[in-house]
Structures are given as C-alpha cells and as structure tokens.
Student: 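Right, I'll just put the structure down here and ask away after.
Just so it is clear, the model here is predicted, and its values are computed rather than measured.
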Amino acid sequence: MWRREGRSAGNLLSLGLGAGLVALEALAFAPLGRWGSALVAIAAVLAGYFGFLFLSLLVYSVVYSRIGRRGGFDAIIVLGCGLDGERVPPLLAGRLERALRLHAREATPPLLVVSGGRGPGETVSEAEAMHAYLRDRGVPDEQIRREDQARTTEENLRLSAALLPAAARRVVAVTSNYHVFRTAVECRRLGLPFQATGSPTARYFLPSALLREFAALILHYRRTTVAACVLIIGTGLALAISA
C-alpha cells in the first residue's frame, strides 16, 4: 500500500489495525494489576465484537456478489472513485470494464449513466473522464448520460436515479467489489430498487479498502454501535468492581 497508493491515513488502516491487535495480545500477558487487566479484557471483548461485525460484512459481501440478476438490465450506473488528473486510474477502469461487459451482453443496449463530480487535484469531472473512456471503447454517445455533481455514494445513486428514463425499471449500480455491500445498503435506504455489482480489486488494496467500508457502515449505524460499546464497557467495569 505504501509503495503503490501512498501513505495517506486511509491506506494505513490495515497496518494500524495489525499493530493494535499485536499490542493488545502483548498486553494480555503483561502484569497490569486488577484494573489494568480489566481494561485489557474490555478492549479484547470490543475487538471481538467488531471482528464479528467485520466477518459478517465479508460473508454477506461474498454471498451478495453471487446472487441476484445477471442480465436483462434497462440501465447501468457506474459509480466514480477518483481520477489521476484527467486520467481514469485502474480502480475506476475496472468498474467501467465491468459495465462494458454487462452492456455488451444485452440484445438491446442499456443506458449507461456515469456518475462523479470533480474532486481535489482533478482537472475534469469523473463523469467526463468516464464518458470519454466509454466512447473510446465504442459506446455511442446517445447511450451515455453524465451525472457530474456527486461527491458521495448517496449522491451518486440519488442524482443518477434522477437521470433515468421512466421505463428503466431494472437497474444495476457498478462499483468495486469491496464497495458492493455499502452501495446495496444505500440503495435500500434511499428506496431505490437497484441491484449492485462489483468489479475485481487488487489484493493488496482490499484490506484497507474493506476497513474503510466497514468504518463507514459503523458510522452509518453509530447509535447501535455506541449502545453496544456502552453495554460492553459498562458490564466489564461492573464485573471489575464486584470482583
């Protein structure tokens, strides 16, 4: 990740988590006294709780990617994920190639909606760059619509839905495989009857990418998360006091 993607905080998530788990395991064998051991035990239970949630995310993502409609789409929405200046990077190219394969399967070519605004360091909008990518690969201009304002997954879906014709009832949102679950969650939350599908992601990129997705989902359900953490911490402290 350092060599290929840079040393941003998001790209160092997997390293930070690994270091934290090693430190927690080391503390479990250290002579910390009653309260120190109690705090380590509470941290271990919290790690187990979040680990279970993360495992559930992985399992559901794998299952979801293997079910659902494989074709017969009226429209395909491609979610943007950042540019290198005005160039489509490999991660976004993977999404576009997945959309092209779905597009080519249909006897009646579905509408393609490319979604993404212009972010920091980008010379054009993601939608414009994706539009050019699809045109260069032979997709007629009339089969592509651009949504160039979105900055988040929610906006990608909501603003793209507004560009769809009324007859487009079978719609698929194309993203990367690590992002499929959160895309499906957003579709349900927005009341959009879309299916989500993912393109392959480089293995080295997956750990940190999945952790970012997991963090986003935890924040989305933060009330439930806070309640569970308070319950775990409160129970641990009560047991430590009564011991």
Student: So, taking the atom named CG in Leu210 and the one named CZ in Phe54, what distance separates them when rounded to the nearest 0.5 Å?
Tutor: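 With rounding to 0.5 Å, CG (Leu210) is 5.0 Å from CZ (Phe54).
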
Student: Hydrophobic cluster membership, with links at side-chain heavy-atom distances under 4.5 Å among I/L/V/M/F/W/Y: are Leu46 and Tyr221 in one?
Tutor: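 Per the 4.5 Å side-chain linkage, Leu46 and Tyr221 are co-clustered.
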
Student: For the hydrophobic clusters of this structure (ILVMFWY residues joined by side-chain heavy atoms under 4.5 Å, transitively), does one cluster hold both Leu206 and Phe181?
Tutor: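 Yes, Leu206 connects to Phe181 through the hydrophobic network.
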
Student: I want to check something: taking the side chain as every heavy atom from C-beta on, are Pro165 and Arg145 in contact at a cut-off of under 4.5 Å?
Tutor: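 In short, these two side chains touch, coming nearer than 4.5 Å.
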
Student: Counting C-beta onward and ignoring hydrogens, is there a side-chain heavy-atom pair between Thr201 and Ser176 closer than 4.5 Å?
Tutor: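 In contact.
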
Student: Under 3.5 Å, is there a donor-acceptor pair between the side chain of Asn156 and the main chain of Ala150?
Tutor: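 Judged by distance alone, no pair lies under 3.5 Å.
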
Student: Nearest heavy-atom pair of Ser125 and Gly116: which atoms, and what distance?
Tutor: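 Scanning both residues completely, I find the closest heavy atoms to be CB-O, 3.8 Å.
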
Student: Under a plain distance cut-off of 3.5 Å, with no hydrogens placed, do His220 and Glu186 share a side-chain donor-acceptor pair?
Tutor: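 There is no such pair between these side chains.
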
Student: Check Leu24 against Ala44 and note the closest heavy-atom contact, atom names and distance.
Tutor: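 Result for this residue pair: CD2-CA, 3.9 Å.
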
Student: Ignoring hydrogens and geometry, is there a side-chain-to-backbone donor-acceptor pair from Glu122 to Gly85 under 3.5 Å?
Tutor: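 Checking the backbone N and O of Gly85 against the side chain of Glu122, no donor-acceptor pair under 3.5 Å is found.
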
Student: What are the two closest non-hydrogen atoms of Ala99 and Leu112, and how far apart are they?
Tutor: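 Smallest interatomic distance, heavy atoms only, reads CB-CD2, 4.1 Å.
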
Student: Do Leu53 and Thr225 pass the side-chain contact (heavy atoms from CB on, under 4.5 Å) test, and can you show the C-alpha distance, the side-chain angles, and the key distance before you say yes or no?
Tutor: CA-CA 10 Å; Leu53 293 180; Thr225 303; 5.6 Å; no

Student: Provide the closest heavy-atom pair for Leu219 versus Arg222 in the form atom of the first, atom of the second, distance.
Tutor: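 So the minimum-distance heavy-atom pair works out to O-NH1, 2.7 Å.
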
Student: Once the angle between the rings of Phe205 and Tyr178 is folded into 0 to 90°, is it parallel (under 30°), tilted (30 to 60°) or perpendicular (over 60°)?
Tutor: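 Phe205 vs Tyr178 ring planes: tilted.
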
Student: Is there a side-chain contact between Val22 and Glu25 (heavy atoms, below 4.5 Å)?
Tutor: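 Result no, sub-4.5 Å side-chain heavy-atom pair not found.
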
Student: Mind checking the CZ-CE spacing from Arg135 to Met130? Nearest 0.5 Å is all I need.
Tutor: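 The CZ atom of Arg135 sits 13.0 Å away from the CE atom of Met130.
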
Student: Is Leu237 close to Trp35 at the side-chain level, that is, under 4.5 Å between some pair of heavy atoms?
Tutor: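 Yes, close enough: below the 4.5 Å cut-off.
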
Student: What verdict does the side-chain contact (heavy atoms from CB on, under 4.5 Å) test give for Thr152 and Glu155, after you've listed the backbone C-alpha separation in whole Å, the side-chain angles of each residue and the deciding distance to 0.1 Å?
Tutor: CA-CA 5 Å; Thr152 65; Glu155 291 179 353; 3.4 Å; yes

Student: I'd like to know if the side chain of Arg146 and the backbone of Glu128 have a donor-acceptor N/O pair within less than 3.5 Å.
Tutor: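 Such a contact is absent between Arg146 side chain and Glu128 backbone.
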
Student: Would you check if there is a donor-acceptor pair between the side chains of Thr153 and His179 at a distance under 3.5 Å?
Tutor: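 Yes - a donor-acceptor pair under 3.5 Å links their side chains.
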
Student: Would you say Arg169 has more than 12 foreign heavy atoms packed within less than 6.0 Å of its CZ?
Tutor: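 Atom CZ in Arg169 is not crowded, with 12 or fewer foreign heavy atoms closer than 6.0 Å.
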
Student: Is there side-chain contact between Ser199 and Thr175, with at least one heavy-atom pair below 4.5 Å?
Tutor: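 Ser199 vs Thr175: side chains apart.
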
Student: Does the side chain of Asp141 pick up a donor-acceptor pair with the side chain of His131 at under 3.5 Å?
Tutor: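 Checked: Asp141/His131 side chains pair up, N/O donor to acceptor below 3.5 Å.
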
Student: Is there side-chain contact between Gln195 and Phe73, with heavy atoms separated by less than 4.5 Å?
Tutor: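 Heavy-atom side-chain distance check passes, below 4.5 Å.
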
Student: Is the shortest heavy-atom distance from the side chain of Phe50 to the side chain of Cys229 under 4.5 Å?
Tutor: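 Yes - at least one pair of side-chain heavy atoms lies under 4.5 Å apart.
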
Student: Any donor-acceptor pair under 3.5 Å linking the side chain of Glu86 with the backbone of Ala129?
Tutor: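 No; judged by distance alone, with no hydrogens or angles, the pair does not exist.
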
Student: If I compare all heavy atoms of Leu79 with all of Arg95, which pair ends up nearest, and what's the gap?
Tutor: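 So the minimum-distance heavy-atom pair works out to O-NH1, 2.8 Å.
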
Student: Kindly give the heavy-atom pair with the smallest separation between Glu142 and Leu111, and that separation in Å.
Tutor: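 Here Glu142 and Leu111 meet closest at O-CD1, 4.4 Å.
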
Student: Calculate, to the nearest 0.5 Å, the distance between atoms CG and CG belonging to Leu96 and Leu91 respectively.
Tutor: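 It comes to 10.5 Å.
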
Student: Below 4.0 angstrom, N of the basic side chain to O of the carboxylate: do Arg137 and Glu97 qualify?
Tutor: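 Salt bridge present between Arg137 and Glu97.
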
Student: Is it true that Tyr133 and Val113 fall in one hydrophobic cluster, defined by side-chain heavy atoms closer than 4.5 Å?
Tutor: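 Different hydrophobic clusters.
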
Student: Can you tell me how far the CG atom of Asn177 sits from the CD atom of Glu213, to the nearest 0.5 Å?
Tutor: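 Rounded to the nearest 0.5 Å, the CG-CD separation comes out at 10.0 Å.
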
Student: Measure the CG-CZ distance between Leu157 and Phe194 for me, rounded to the nearest 0.5 Å.
Tutor: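 With rounding to 0.5 Å, CG (Leu157) is 7.0 Å from CZ (Phe194).
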
Student: Quick check: does any side chain N or O of Glu147 sit under 3.5 Å from a backbone N or O of Gln149, one acting as donor and the other as acceptor?
Tutor: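 Checked: pair present.
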
Student: Any side-chain heavy atom of Thr197 within less than 4.5 Å of one from Leu102?
Tutor: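 In contact.
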
Student: Distance from Ile42 atom CD1 to Ile232 atom CD1, nearest 0.5 Å?
Tutor: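 Here the interatomic distance stands at 9.5 Å.
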
Student: Can Ile76 be reached from Leu159 by stepping across I, L, V, M, F, W or Y side chains whose heavy atoms are under 4.5 Å apart?
Tutor: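 No, because Leu159 and Ile76 fall into different hydrophobic clusters, even though each may have its own neighbours under 4.5 Å.
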
Student: Under a single-linkage definition using a 4.5 Å side-chain heavy-atom cutoff for Ile, Leu, Val, Met, Phe, Trp and Tyr, are Val171 and Ile144 assigned to the same hydrophobic cluster?
Tutor: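 In one cluster: no.
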
